[in-house]
**Student:** 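Attaching a single structure in structure tokens format; questions to follow.
The chains referred to below are lettered A, B, ... by the order of the sequence lines, with proteins before strands, and numbering in each begins at 1.
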2 protein chains.
Amino acid sequence: MTAGITVLDRLLEVSELFQSDMARAFDGTSLTTARVRVLWDLVAAGPSTQHALAERLEVSPRNITGLVDALESGGYVTRTPHPTDRRSIIVSLEASAEQMMRQMQADHAALSADLLGAVDPADREALVRGVDAIAGRLRELVAAHREASA
Amino acid sequence: MTAGITVLDRLLEVSELFQSDMARAFDGTSLTTARVRVLWDLVAAGPSTQHALAERLEVSPRNITGLVDALESGGYVTRTPHPTDRRSIIVSLEASAEQMMRQMQADHAALSADLLGAVDPADREALVRGVDAIAGRLRELVAAHREASA
DNA sequence: AGGTAACAATGTAGTACCATCACTATCATG
DNA sequence: CATGATAGTGATGGTACTACATTGTTACCT
């Protein structure tokens with residue numbers, strides 16, 4: 001019972017700590033969590049229209065305009081016209097930003113490994129299974145909520 | 001290796017899902033995540049000065065003024081003068097808000113139990129130990145980062 | 001006591017994120 | 001070719017946060 005509370009609380013604590021640490025890393029740059037989310041998506045999906053970004057990140061197209069504005073003036077991305085559809089704009093990562101994201105990905109992996117290293121080896125498999133189970137169950141619950149309120 | 005990445009990513013996913021679900025629950029009210037954080041703290045700490053709230057929540061005093069403004073006009077808290085220090089203002093939960101927070105706490109516990117219920121019983125203890133270990137290690141790392149940049 | 005420094009809260013001003021609505025330019029289809 | 005959908009953006013507004021300046025109050029120090 002108390003353990004149940006503790007697990008969820010610890011999970012939330014972990015992500016809070018992680019996010020505040022990320023944010024601190026961006027100090028001095030024009031990067032923010034929301035902007036990096038855009039970069040991250042571009043790494044995964046490749047050059048995209050703003051509309052596609054908006055859909056994948058689940059924010060309004062209008063918001064993407066602002067985020068890309070900031071990233072563009074920071075030199076992280078470029079806007080190029082779509083080859084066939086003149087309404088669309090293709091957002092691409094600048095080479096330096098792609099390099100930076102690769103580094104960030106490596107850091108992320110290293111951190112993951114570090115954190116997992118703090119776990120008793122005998123507990124690791126159960127931990128992974130447990131976290132997966134929790135994530136899966138939570139996805140179910142959220143989906144059910146969305147249904148209900150739709 | 002891949003598992004290491006997956007664990008951290010899953011943890012982050014869990015807290016994202018959780019937070020978006022929380023936010024949806026506040027639809028239609030004047031409550032938001034930041035404001036509920038204030039209420040939550042008042043439940044745990046009892047009536048407090050705004051200064052104390054700012055310190056515990058690690059935000060600027062000015063920000064607390066705005067949050068308490070919103071909570072006050074929503075009828076969730078009341079401002080009363082400090083008995084001895086006329087500079088200070090004491091923020092207290094309204095009875096209805098205290099009731100609501102008790103409910104929220106119960107829901108939180110129920111959700112925790114539900115999520116833990118999705119985990120194979122044989123994995124639960126290891127999961128709790130593992131998450132604790134990760135949280136502890138992450139606390140260390142963040143503290144070290146703060147030191148380094150201070 | 002009298003002056004000064006620290007303190008609590010708030011006004012002002014500014015950044016960032018996010019949303020909706022209205023509008024323009026451009027497809028795409030009947 | 002007209003009509004309706006689509007892609008992006010301007011305008012506007014709410015929330016969350018910050019730093020700086022200001023006001024009233026307290027506490028300390030000589």
Side-chain angles (χ1 to χ4, degrees), chain A residues 16 19-20 22-42 45 47-74 76-92, chain B residues 16 19-20 22-42 45 47-74 76-92:
Chain A
E16 251 182 53
Q19 287 183 27
S20 74
M22 284 277 282
R24 194 171 305 106
F26 301 146
D27 265 15
T29 75
S30 69
L31 291 177
T32 62
T33 313
R35 291 171 193 171
V36 170
R37 234 161 65 90
V38 174
L39 295 182
W40 199 262
D41 186 88
L42 286 174
S48 309
T49 65
Q50 298 190 178
H51 184 257
L53 283 170
E55 283 218 330
R56 287 197 299 263
L57 300 178
E58 293 188 312
V59 297
S60 68
R62 186 58 186 86
N63 193 14
I64 294 293
T65 299
L67 294 173
V68 172
D69 281 351
L71 289 171
E72 190 181 27
S73 69
Y76 296 102
V77 303
T78 51
R79 280 182 164 112
T80 46
H82 190 285
T84 67
D85 188 338
R86 278 188 293 177
R87 293 169 303 180
S88 295
I89 291 177
I90 305 253
V91 183
S92 316
Chain B
E16 250 182 54
Q19 286 183 27
S20 73
M22 284 277 282
R24 193 169 306 106
F26 302 147
D27 263 16
T29 74
S30 69
L31 291 176
T32 63
T33 314
R35 291 171 192 171
V36 170
R37 234 163 64 91
V38 173
L39 295 182
W40 200 262
D41 186 88
L42 285 174
S48 309
T49 65
Q50 299 191 175
H51 184 258
L53 283 171
E55 283 217 330
R56 288 196 300 263
L57 299 179
E58 292 187 312
V59 297
S60 66
R62 185 60 185 88
N63 193 16
I64 294 293
T65 299
L67 294 172
V68 172
D69 280 350
L71 289 171
E72 190 181 28
S73 68
Y76 297 100
V77 303
T78 51
R79 280 180 162 113
T80 46
H82 189 287
T84 66
D85 188 338
R86 278 187 295 176
R87 293 170 302 179
S88 295
I89 290 178
I90 304 252
V91 182
S92 317

**Student:** Might you point out which heavy atoms bring A/Val91 and A/Leu42 nearest each other, and give the distance in Å?
**Tutor:** O-CD2, 3.6 Å

**Student:** Which pair of non-hydrogen atoms, one from A/Leu31 and one from A/Phe26, has the smallest distance, and what is that distance?
**Tutor:** O-CB, 3.5 Å

**Student:** Using a heavy-atom distance cut-off of less than 4.0 Å, which residues of residues 25-39 of chain A contact DNA chain D?
**Tutor:** none

**Student:** Tell me: CD of B/Gln19 to C1' of D/dA16, nearest whole Å?
**Tutor:** 14 Å

**Student:** Measuring from atom CZ of B/Arg35 to atom CG of B/Leu67, what distance do you get when rounded to the nearest 0.5 angstrom?
**Tutor:** 7.0 Å

**Student:** Spell out, as yes or no, whether a donor-acceptor pair under 3.5 Å connects the side chain of A/Arg56 to the backbone of A/Asp41.
**Tutor:** no

**Student:** Test your reading of the model: is there a side-chain donor-acceptor pair from A/Arg79 to the backbone of A/Glu72, 3.5 Å cut-off?
**Tutor:** no

**Student:** Taking only side-chain nitrogens and oxygens of B/Thr65, does any of them come within less than 4.0 Å of OP1 or OP2 of C/dT10?
**Tutor:** yes

**Student:** Which atoms form the tightest heavy-atom contact between A/Ser92 and A/Pro47, and what is the distance?
**Tutor:** OG-CB, 3.7 Å

**Student:** Separation of B/Glu55 atom CD from C/dC7 atom C1', in whole Å?
**Tutor:** 11 Å

**Student:** Could a donor-acceptor pair under 3.5 angstrom be found where the side chain of B/Arg86 meets the base of D/dT25?
**Tutor:** no

**Student:** Atom CG of A/Leu53 to atom P of C/dC18: distance rounded to whole Å?
**Tutor:** 13 Å

**Student:** For a quick test of reading the model, state the closest non-hydrogen atom pair linking B/Leu57 to B/Arg37 and the distance between them.
**Tutor:** O-NH2, 3.0 Å

**Student:** A/Ser60 side chain: which of D/dT25, C/dA19, C/dC27 is closest?
**Tutor:** C/dA19

**Student:** Using atom NE2 of A/His82 as one end and atom P of D/dA7 as the other, report the distance to the nearest whole Å.
**Tutor:** 10 Å

**Student:** As a test of reading the structure: which of D/dT18, D/dT26, D/dG8 is closest to the side chain of B/Arg87, going by heavy atoms?
**Tutor:** D/dT26

**Student:** Using a distance-only criterion (donor-acceptor N/O pair, under 3.5 Å, no hydrogens), is the base of C/dT12 paired with the side chain of B/Arg62?
**Tutor:** yes

**Student:** Considering only D/dG8, C/dA19, D/dA16, which nucleotide approaches the side chain of B/Leu67 most closely?
**Tutor:** D/dA16

**Student:** Rounded to whole Å, please give me the gap between CG in B/Asn63 and P in C/dA8.
**Tutor:** 17 Å

**Student:** Could you give the CG-to-C1' distance, from A/Asp69 to C/dA16, as a whole number of Å?
**Tutor:** 13 Å

**Student:** Describe the nucleic acid contact of A/Asp85 in one word from base, sugar-phosphate, nothing, applying a heavy-atom distance below 4.0 Å.
**Tutor:** sugar-phosphate

**Student:** Within this structure, what is the CD-to-P distance between B/Glu58 and D/dA16, rounded to whole angstrom?
**Tutor:** 18 Å

**Student:** Just how far, in rounded Å, is P of D/dT26 from CD1 of B/Ile89?
**Tutor:** 13 Å

